[in-house]
Chemist: 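Can you read through this structure? Questions will come right after.
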Amino acid sequence: MEKKLRVGVLGATGMVGQRFISLLENHPWFEVTTVAASPRSANKTYEEAVGGRWKMTTPMPEAVKKLIVMNVNEVERVAASVDFVFSAVDMTKEEIRAIEEAYARAETPVVSNNSAHRWTPDVPMVIPEINPEHFDVIPFQRKRLGTQRGFIAVKPNCSIQSYTPVLSAWMEFDPYEVAASTYQAISGAGKTFKDWPEMVENVIPYIGGEEEKSEKEPLRIWGKLEDGVIKPAENPVITCQCIRVPVLNGHTAAVFVKFKKKPTKEQLIEKLVSYKGLPQKLSLPSAPRQFIRYLNEDDRPQVTLDVDFEKGMGISVGRLREDSVYDWKFIGLSHNTVRGAAGGAVLCAELLTKQGYMEAK
């Protein structure tokens with residue numbers, strides 16, 4: 001690109017906001033020019049507002065340290081300073097829906113990490129390798145909002161990234177029933193072990209709202225655009241349990257699948273490693289060259305060894321084997337705050353830019 005797009009990060013002081021900041025450092029297409037957060041952080045430098053709460057393993061980028069944090073509620077003022085925004089605000093769902101729509105109506109595209117608009121029928125919820133055609137709903141959304149360039153696009157829940165791409169690669173074999181258990185890192189709750197000492201050597205068998213998201217969001221990913229809205233698929237049916245485990249980054253899934261057609265192990269693995277999507281074909285800056293890899297070792301994938309595969313944007317799969325009740329079972333692993341959160345949103349923004357939905361004001 002000749003000139004980088006000016007980017008704002010809403011909710012810039014939180015964990016996902018910080019991940020956006022770190023991922024966008026030296027991005028070839030985007031430059032963070034505006035950071036916005038709650039009124040209590042406003043009018044401080046970003047460095048002052050974050051204070052000792054910087055949670056990334058890499059240092060805070062120098063380019064953002066002296067940016068003055070804007071009040072996220074001053075929509076017109078923030079919108080006037082950017083070409084589009086990433087949203088990682090920490091509010092109620094009703095408040096998030098309202099503020100993201102306000103930015104869209106201010107003719108500022110919103111690429112959101114939040115769940116508030118995932119079931120708004122004309123808002124695309126996209127994993128770019130799987131359902132980029134859902135961005136075709138944006139003109140219908142713009143008509144509803146009365147905007148020329150403003151819209152909202154979202155990425156799905158972090159927990160589904162460890163198995164939905166795998167099932168997508170296997171769709172020609174007609175998976176019809178799936179049982180999954182996800183073992184989810186504490187950063188998914190915006191926490192570190194310092195923030196959440198009770199998670200050390202502990203397992204909590206409940207994450208509010210997560211199981212419904214894990215069961216239903218893949219069906220929307222696999223849905224079709226009809227009559228100006230995304231209509232979810234009906235199959236495969238998915239049942240899920242979600243468990244919080246003492247891991248900082250990385251969501252692991254243990255998954256069981258029944259197929260109408262009967263693939264071999266060799267066929268299943270070949271479909272995984274050869275699976276490519278539009279981001280790979282377009283060589284988008286954040287796209288992993290290898291989207292899904294298969295590991296043959298009995299004890300892989302492991303969080304400590306594999307969570308950063310393809311800089312956290314790739315999916316690792318292992319232990320594919322026949323099952324005595326279901327047809328096949330496997331283990332999947334994804335990085336929940338990179339592929340599952342900020343990185344997935346950045347990849348969405350890159351594809352939206354490439355397709356002409358976002359440009360300089």
Chemist: Using only heavy-atom distances, determine whether the side chains of Thr33 and Glu31 contain a donor-acceptor pair under 3.5 Å.
Modeler: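 Result is no, nothing qualifies.
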
Chemist: Counting only heavy atoms not in Arg40 (residues, nucleotides, ligands), do more than 12 fall under 6.0 Å from its CZ?
Modeler: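 At most 12 heavy atoms, drawn from other residues, nucleotides or ligands, come within 6.0 Å of this atom.
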
Chemist: Going only through I, L, V, M, F, W and Y residues with side-chain contacts under 4.5 Å, is there a path from Phe86 to Val50?
Modeler: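 In one cluster: yes.
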
Chemist: Do the side-chain N and O atoms of His27 and Glu350 include a donor-acceptor pair separated by under 3.5 angstrom?
Modeler: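 Yes, because at least one side-chain N or O of His27 sits under 3.5 Å from a partner of the opposite role on Glu350.
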
Chemist: Should the pair Phe30 and Phe84 be assigned to parallel (<30°), tilted (30 to 60°) or perpendicular (>60°) ring geometry?
Modeler: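 Taking Phe84 first and then Phe30, their aromatic rings stand perpendicular (interplane angle over 60°).
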
Chemist: With no hydrogens and no angle check, do the side chains of Arg19 and Thr337 hold a donor and an acceptor under 3.5 Å apart?
Modeler: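 Judged by distance alone, the side chains do pair up.
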
Chemist: Within the supplied structure, the quantity of interest is the number of heavy atoms (other residues, nucleotides, ligands) at a distance under 6.0 Å from Lys44 NZ; does it exceed 12?
Modeler: yes

Chemist: Evaluate the side-chain hydrogen bond (donor to acceptor under 3.5 Å, both in side chains) criterion for residues Glu211 and Gln241: first the C-alpha distance (whole Å), next the side-chain angles of each, then the deciding distance (0.1 Å), finally the verdict.
Modeler: CA-CA 6 Å; Glu211 285 159 1; Gln241 292 195 107; over 6 Å; no

Chemist: Looking at Glu129 and Lys276, is there a salt bridge between them, counting it only when a charged N and a carboxylate O are closer than 4.0 Å?
Modeler: no

Chemist: Check whether the side chains of Ser81 and Thr34 place a donor and an acceptor atom closer than 3.5 Å, and report yes or no.
Modeler: yes

Chemist: Would you check if the side chain of Arg142 reaches a backbone N or O of Thr147 as a donor-acceptor pair within less than 3.5 Å?
Modeler: no

Chemist: Using 30° and 60° as the class limits, which term best fits the ring planes of Tyr357 and Phe135: parallel, tilted or perpendicular?
Modeler: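 The rings of Tyr357 and Phe135 sit tilted, inter-plane angle from 30° to 60°.
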
Chemist: After noting the C-alpha distance and the side-chain angles of Lys191 and Glu198, does the key distance pass the salt bridge (charged side-chain N to carboxylate O under 4.0 Å, His left out) rule?
Modeler: CA-CA 11 Å; Lys191 304 287 189 180; Glu198 58 267 40; over 6 Å; no

Chemist: Using atom types as modelled and distance alone, determine if a side-chain donor or acceptor of Arg220 lies under 3.5 Å from a backbone N or O of Val126.
Modeler: no

Chemist: Answer yes if Val32 and Leu10 sit in the same cluster of Ile, Leu, Val, Met, Phe, Trp and Tyr residues linked by side chain heavy atoms under 4.5 Å apart, and no otherwise.
Modeler: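 No.
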
Chemist: Classify the side-chain pair Glu210/Asn157 by whether it contains a donor and acceptor separated by less than 3.5 Å.
Modeler: yes

Chemist: Salt bridge or not between Glu172 and Lys271? Use side-chain N to carboxylate O under 4.0 Å.
Modeler: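 A salt bridge links Glu172 with Lys271.
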
Chemist: Do Thr353 and Trp29 get their side chains close enough for a donor-acceptor pair, meaning under 3.5 Å?
Modeler: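 Thr353 vs Trp29: no donor-acceptor pair found between side chains.
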
Chemist: Check step by step if side-chain contact (heavy atoms from CB on, under 4.5 Å) holds for Ser87 and Val111.
Modeler: CA-CA 6 Å; Ser87 176; Val111 181; over 6 Å; no

Chemist: How about Lys55 and Ser187: does a side-chain donor come under 3.5 Å of a side-chain acceptor?
Modeler: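 Per modelled atom types, Lys55 and Ser187 side chains form no pair under 3.5 Å.
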
Chemist: Strictly by modelled atom types, are Arg339 and Ser334 linked by a side-chain donor-acceptor pair under 3.5 Å?
Modeler: no

Chemist: Going by distance alone, is a donor N or O of one side chain under 3.5 Å from an acceptor N or O of the other, for Glu107 and Gln148?
Modeler: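 No donor-acceptor contact under 3.5 Å links the two side chains.
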
Chemist: Around Arg319, counting heavy atoms of other residues, nucleotides and ligands shown, do more than 12 lie under 6.0 Å from its CZ?
Modeler: no

Chemist: Between Trp170 and Phe330, does the ring centre distance come in under 6.0 Å?
Modeler: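 Yes: the rings meet the under 6.0 Å criterion.
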
Chemist: Does a sphere of radius 6.0 Å around CD in Glu234 hold more than 12 heavy atoms from other residues, nucleotides or ligands, not counting ones at 6.0 Å or beyond?
Modeler: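 It does not: Glu234 CD has 12 such atoms or fewer within range.
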
Chemist: For Tyr326, is the NZ or CZ atom of Lys258 found under 6.0 angstrom from the centre of its six-membered ring and inside 45 degrees of the ring axis?
Modeler: yes

Chemist: May I ask you to decide if Glu212's main-chain N or O and Glu215's side chain share a donor-acceptor pair within less than 3.5 Å?
Modeler: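 No: the side chain of Glu215 does not pair with the backbone of Glu212.
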
Chemist: Are Ile207 and Ile204 connected in the hydrophobic side-chain network, where two residues link if heavy atoms are under 4.5 Å apart?
Modeler: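 Per the 4.5 Å side-chain linkage, Ile207 and Ile204 are not co-clustered.
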
Chemist: Is the count of non-hydrogen atoms from other residues, nucleotides or ligands lying under 6.0 Å from Arg53 atom CZ greater than 12?
Modeler: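 For Arg53, atom CZ is crowded (more than 12 foreign heavy atoms under 6.0 Å).
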
Chemist: Find out whether the Lys NZ or Arg CZ of Arg244 is both under 6.0 angstrom from the six-membered ring centre of Tyr206 and within 45° of the ring's axis.
Modeler: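 No, a cation-pi geometry is absent between Arg244 and Tyr206.
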
Chemist: Is the backbone of Glu359 close enough, under 3.5 Å, to the side chain of Arg149 for a donor and an acceptor to pair up by distance?
Modeler: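 Yes, Arg149 side chain to Glu359 backbone: donor-acceptor pair under 3.5 Å.
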
Chemist: May I ask you to decide if Lys155's main-chain N or O and Arg118's side chain share a donor-acceptor pair within less than 3.5 Å?
Modeler: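 Pair found, side chain donor or acceptor close to backbone of Lys155.
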
Chemist: Establish, from distance only, whether the side-chain atoms of Gln161 and Asn336 form a donor-acceptor pair under 3.5 Å.
Modeler: no

